[in-house]
Amino acid sequence: MKTRKHLIALLFVMVPLFAFSQSEQKASVSLNKFWDNWFISAGGGLQTFVGENYRTTLKDDITNMDYYTPAVTFSIGKMFTPVIGLRIQGTGWEVYNTARSKASNDDQKLQYIGGHGDVLINLNSLFAGNNPNRFFNITPFLGAGFYYTMGQDAEGVSPGYRRARNASINGGVNFGFRLSRAVDLNLEVQGAMLGDDFNNLVTGASYEGIAAATLGLTYKFNKRTFDACPSIDEGLIARLNGEINSLRSDLDACLRKPVPTCPKCPDCPTVAPAKPFEAPAAVGVVKFALGSSVITSDQQINVYNAADYLKNNSGINLKVVGYADKKTGNPSINMKLSEQRAKAVTKMLVNKYGIPENRIETSWDGDKVQPYSTNEWNRVVIFVPQK
């Protein structure tokens with residue numbers, strides 16, 4: 001029961017860390033594809049068992065090498081952003097069973113295998129930003145797993161020694177040194193907290209554990225870096241909007257000029273009446289900041305132009321359609337945000353520029369419709385003329 005409570009607590013720690021890392025990285029790098037940024041690691045070193053009578057058996061001498069045994073690890077994982085990653089690690093071999101050694105006055109070895117899944121947090125990228133050429137990285141990790149001790153067929157184990165299965169809570173720190181674009185040298189210090197019956201002796205401490213330090217190599221498969229998100233040139237968008245509005249005003253002025261009549265003469269051919277002017281599909285847009293429905297001062301000129309267009313074209317009404325970009329938020333939030341944007345524009349047309357409400361149709365499509373191929377451009381309200 002206690003182990004279950006610790007696993008639940010571990011999830012409450014892991015989920016906020018994952019969400020925080022995503023929010024920190026969203027503005028600077030794009031999410032990678034499934035096969036990008038995978039890695040494998042292998043290492044070897046020393047480990048020791050921590051359990052009943054541990055200090056008594058060692059006589060408080062942690063330098064006693066008789067109670068350290070070889071440790072091996074193998075891992076496979078993936079970095080989802082420069083900060084957050086997941087891995088699965090396998091480990092095993094044997095540790096000295098200090099409790100039984102004290103009871104039987106001999107050195108019994110406890111053979112085991114284990115595995116655990118970990119959440120990796122690169123502290124350098126979290127606090128200093130993404131840098132694929134950084135020489136040194138500190139990456140703490142936290143996870144959970146399962147360990148299995150061998151039975152009485154294990155070498156040196158007394159008859160009747162049963163197999164044990166224990167859930168584990170794992171944690172530690174990985175110190176990485178960049179050797180090349182593909183290879184890192186890793187020094188890893190970690191521990192595993194296990195149940196009291198891991199060594200088949202239920203007494204004393206409530207938990208037992210294994211502490212280990214290993215040195216190894218990590219190989220990173222292609223693709224190994226993260227793409228920076230393209231920056232938005234707000235000035236260019238504003239200039240293009242201004243040019244569009246200027247051309248539209250010139251076109252409206254030209255269309256309002258009277259057309260000279262042709263003098264009647266016998267040889268003058270019959271001229272078919274000119275077709276009525278067809279309004280363009282859209283007469284302008286109002287751009288919004290990420291997650292906002294506030295019409296900024298540099299976008300109010302576009303609302304003014306739409307109002308002026310309606311005043312100069314009494315036979316045409318206007319449809320105001322709100323949108324939200326698909327790569328942020330979720331469908332429910334984006335639908336509400338597009339509604340707020342469309343209603344904010346309609347309110348300004350009516351209250352500030354005196355456009356009758358019956359000449360405006362207000363609607364919103366959330367992120368179900370993306371009128372532009374560039375994601376950030378879809379944070380808009382579009383004006384569509386209607387007869």
Side-chain angles (χ1 to χ4, degrees), residues 232-264 268-289 292-325 337-387:
I232 302 173
D233 190 342
E234 300 286 352
L236 176 60
I237 294 175
R239 288 194 300 272
L240 292 175
N241 243 335
E243 292 177 10
I244 292 172
N245 292 329
S246 177
L247 291 172
R248 184 171 293 113
S249 297
D250 292 344
L251 178 60
D252 290 342
C254 180
L255 292 173
R256 287 195 296 269
K257 292 180 179 179
V259 179
T261 57
C262 179
K264 294 183 179 180
C268 185
T270 302
V271 179
K275 292 183 178 180
F277 166 67
E278 293 288 338
V283 295
V285 301
V286 178
K287 184 177 177 295
F288 291 84
S292 174
S293 61
V294 177
I295 304 172
T296 57
S297 57
D298 62 316
Q299 294 297 307
Q300 291 182 14
I301 186 175
N302 300 321
V303 183
Y304 166 82
N305 286 335
D308 188 61
Y309 177 83
L310 287 174
K311 291 176 182 178
N312 294 321
N313 295 273
S314 58
I316 294 179
N317 295 330
L318 199 63
K319 184 176 182 180
V320 176
V321 188
Y323 300 92
D325 73 287
L337 182 59
S338 66
E339 177 185 358
Q340 293 170 348
R341 288 170 174 171
K343 288 183 176 180
V345 172
T346 298
K347 182 178 179 181
M348 181 172 285
L349 285 170
V350 174
N351 294 345
K352 187 171 182 178
Y353 297 110
I355 303 300
E357 288 190 27
N358 60 5
R359 294 191 63 191
I360 304 172
E361 178 187 345
T362 307
S363 65
W364 47 90
D365 287 325
D367 60 15
K368 293 190 299 183
V369 177
Q370 300 286 272
Y372 301 108
S373 58
T374 300
N375 179 68
E376 291 77 10
W377 292 6
N378 292 303
R379 302 165 189 160
V380 295
V381 165
I382 295 179
F383 299 116
V384 181
Q386 292 185 328
K387 293 184 179 181

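When all heavy atoms of I316 and L310 are compared, the pair lying nearest together is O-CD2, 3.4 Å. Here the shortest heavy-atom pairing between N302 and F383 reads O-CE1, 3.7 Å. Listed here is the closest heavy atom pair of G322 and V381: CA-CG2, 3.9 Å. Taking all atoms of both residues into account, the shortest heavy-atom contact from R359 to N313 is NH2-O, 2.9 Å.
Distance alone, capped at 3.5 Å, places no donor-acceptor pair between the S293 side chain and the R341 backbone. The closest donor-acceptor contact from the side chain of S249 to the backbone of N245 lies under 3.5 Å. Side chain of Q299 to backbone of V286: no donor-acceptor contact under 3.5 angstrom is found. No donor-acceptor pair closer than 3.5 Å links the side chain of Q370 to the backbone N or O of Y323. Judged by distance alone, the side chain of N378 and the main-chain N or O of Y372 form a donor-acceptor pair under 3.5 Å. At distances below 3.5 Å, at least one donor-acceptor pair connects side-chain atoms of T346 with backbone N or O atoms of A342.
Every residue two or more places apart in sequence or in another chain that forms a side chain to side chain contact (heavy atoms under 4.5 Å, CB included) with A344 is listed here: I295. Every residue meeting the salt bridge (Lys or Arg N to Asp or Glu O under 4.0 Å) condition with D325, not counting sequence neighbours, appears here in chain and number order: R379.
For the pair Y309/P385, a side-chain contact is recorded, criterion being any heavy-atom separation below 4.5 Å from C-beta on. Proximity of I355 to K311: side-chain heavy atoms (C-beta onward) are separated by under 4.5 Å at one or more points. The closest side-chain heavy-atom distance from W364 to V320 is not below 4.5 Å.
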List the steps, then state whether side chain to side chain contact (heavy atoms under 4.5 Å, CB included) holds for N312 with D252. CA-CA 8 Å; N312 294 321; D252 290 342; 5.8 Å; no
Could you walk me through whether I237 and K287 pass side chain to side chain contact (heavy atoms under 4.5 Å, CB included), step by step? CA-CA 9 Å; I237 294 175; K287 184 177 177 295; 3.9 Å; yes
How far apart are the C-alpha atoms of Y353 and V303, what are their side-chain angles, what is the distance that settles it, and do they pass the side chain to side chain contact (heavy atoms under 4.5 Å, CB included) test? CA-CA 9 Å; Y353 297 110; V303 183; 4.0 Å; yes
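Ionic pairing of E339 and K343 is present here: one or more N-O contacts between side-chain nitrogen and carboxylate oxygen are shorter than 4.0 angstrom.
Heavy-atom neighbours of K347 NZ from other residues, nucleotides or ligands within 6.0 Å: at or below the threshold of 12. Environment of CD in E357: sparse, with no more than 12 heavy atoms of neighbouring residues, nucleotides or ligands closer than 6.0 Å.
Taking CG of L251 as the start and OG of S246 as the end, the distance is 11.0 Å to the nearest 0.5 Å. Atoms OG1 and CZ, from T296 and F288 in turn, are 8.0 Å apart once rounded to the nearest 0.5 Å. Atom OG of S292 and atom CG of L337 lie 7.5 Å apart (nearest 0.5 Å). To the nearest 0.5 Å, atom CG of residue L318 and atom CG of residue L349 are 7.0 Å apart.
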